[in-house]
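Below is one structure, written out as structure tokens; the observations come after it.
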Amino acid sequence: MTIIELKNVNYQVGKRTILNNLSFGIKNGDFLTLIGPSGAGKSTILKLIANLISPSSGTIFYHGSDIQKLDPIKYRRQVMYCFQQPVLFGKTVKDNLSFPYQIRNKEVDLARLDSLLKIVDLPAEFLNKEINSLSGGEKQRVALIRSIVFLPKVLLLDEVTTGLDGKSKEIVHRLIESVHRQGTTIVQVTHDQSEIQVAKNVLEIKSRGLVNEKCNG
Ligand code: ADP
Ligand code: ADP
């Protein structure tokens with residue numbers, strides 16, 4: 001079953017064509033890796049799927065519905081985009097990890113937060129840590145677990161391991177694999193050779209969104 005489908009998607013900025021007539025589908029439960037040269041349009045594709053930007057023409061479908069016609073708040077909870085530079089807010093880790101509960105008018109489940117922190121090798125006391133005191137790798141781990149407190153249907157990862165040290169990278173891989181095993185469809189953009197080598201389902205984006213499908217396994 002196809003969960004996301006891009007059909008004849010064009011993306012223009014002024015007169016410049018960033019994506020030209022791009023069409024492809026993503027199956028429910030897939031782990032898709034987008035590769036290709038810098039500037040090819042990979043990040044633009046993720047932002048379009050996340051509905052952070054809109055195509056100039058063409059349509060993006062989620063379970064067969066045009067995403068422009070879906071409730072944006074509900075869609076955002078199902079299809080989550082994670083930036084290369086983690087976006088944290090407030091003062092503490094707890095401020096960030098409580099947020100998904102607040103927007104749903106739910107009580108914070110501290111046991112769930114503890115177990116998520118444990119998965120990314122951070123102690124429970126980390127909840128009270130100030131954002132400013134975290135390393136880059138710790139910030140990314142907090143941002144990632146914030147986006148999966150309530151498991152999304154689709155997780156869009158825009159080079160989230162770029163710049164992380166080996167240990168943080170390994171921990172993030174473990175987290176992403178665990179999310180995938182729980183049924184979330186993963187779409188990642190990466191330049192990391194070790195990630196590309198183990199990827200089973202690779203879509204190569206050439207210039208302006210021309211695609212070339214590859215399968216490693
Ligand atoms: P990739 O992720 O493959 O490196 P991007 O999707 O970030 O590529 O960008 C594709 C091209 O589109 C780049 O040349 C980039 O400069 C351009 N681009 C993306 N968004 C905009 C924008 N809002 N305004 C101008 N140019 C943009
Ligand atoms: P903003 O641009 O509003 O700061 P981000 O895109 O940086 O939001 O998202 C920050 C985090 O907040 C996300 O990782 C996610 O956990 C949570 N979030 C934001 N908006 C929503 C929403 N509508 N539904 C669910 N979670 C959300």
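Both counts, for ligands and for their atoms, begin at 1 and track the order of listing. Remember, predicted model here, so these are calculated numbers, not experimental data.
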Using a strict threshold of under 4.0 Å (side-chain N to carboxylate O), is an ion pair present between Asp121 and Arg174?
yes
Atom 10 (C) of ligand 1 has as its nearest protein heavy atom Gly39 O, 3.2 Å
For a quick check under 3.5 Å, do Asp66 and Thr59 share a side-chain donor-acceptor pair by atom type?
no
Could you tell me the residue and atom name of the protein heavy atom closest to atom 14 (O) of ligand 1, and the distance to it rounded to 0.1 Å?
Arg16 NH2, 2.8 Å
Look at ligand 1 and say whether Gly36 reaches it with a heavy atom at a distance under 4.0 Å.
no
Ionic contact status for Lys42 with Asp158, cut-off 4.0 Å
no
Contact between Lys47 and ligand 1, counting heavy atoms under 4.0 Å?
no
Ranked by distance from atom 25 (C) of ligand 1, the top protein heavy atom is Val13 CG1, 3.6 Å
Report the nearest protein non-hydrogen atom to atom 8 (O) of ligand 1: residue, atom name, distance rounded to 0.1 Å.
Gly41 N, 3.1 Å
Within a strict 4.5 Å, meaning less than it, do heavy atoms of the Ile60 and Val9 side chains meet?
yes
Pairing donors with acceptors under 3.5 angstrom, does anything connect the side chains of Asp30 and Asn201?
yes
Contact partition for Thr44 relative to ligand 1, non-hydrogen atoms under 4.0 Å
both
Could you check whether Glu107 and Tyr101, counting side-chain N and O atoms only, form a donor-acceptor pair closer than 3.5 Å?
no
When you compare ligand 1 with Tyr11, is there at least one nitrogen or oxygen pair between them that comes in under 3.5 angstrom?
no
Among all protein heavy atoms in this structure, tell me which lies nearest to atom 2 (O) of ligand 1, with the distance rounded to 0.1 Å.
Ser43 N, 2.8 Å
Considering heavy atoms of the protein only, find what lies nearest to atom 17 (C) of ligand 1 and give residue, atom and distance to 0.1 Å.
Ile18 CD1, 3.5 Å
Compute the minimum heavy-atom distance from Pro37 to ligand 1 and say whether it is under 4.0 Å.
yes
Phe83 and Tyr81 aromatic centres sub-6.0 Å
yes
Assess the side chains of Thr190 and Glu195: does a donor N or O sit below 3.5 Å from an acceptor N or O?
yes
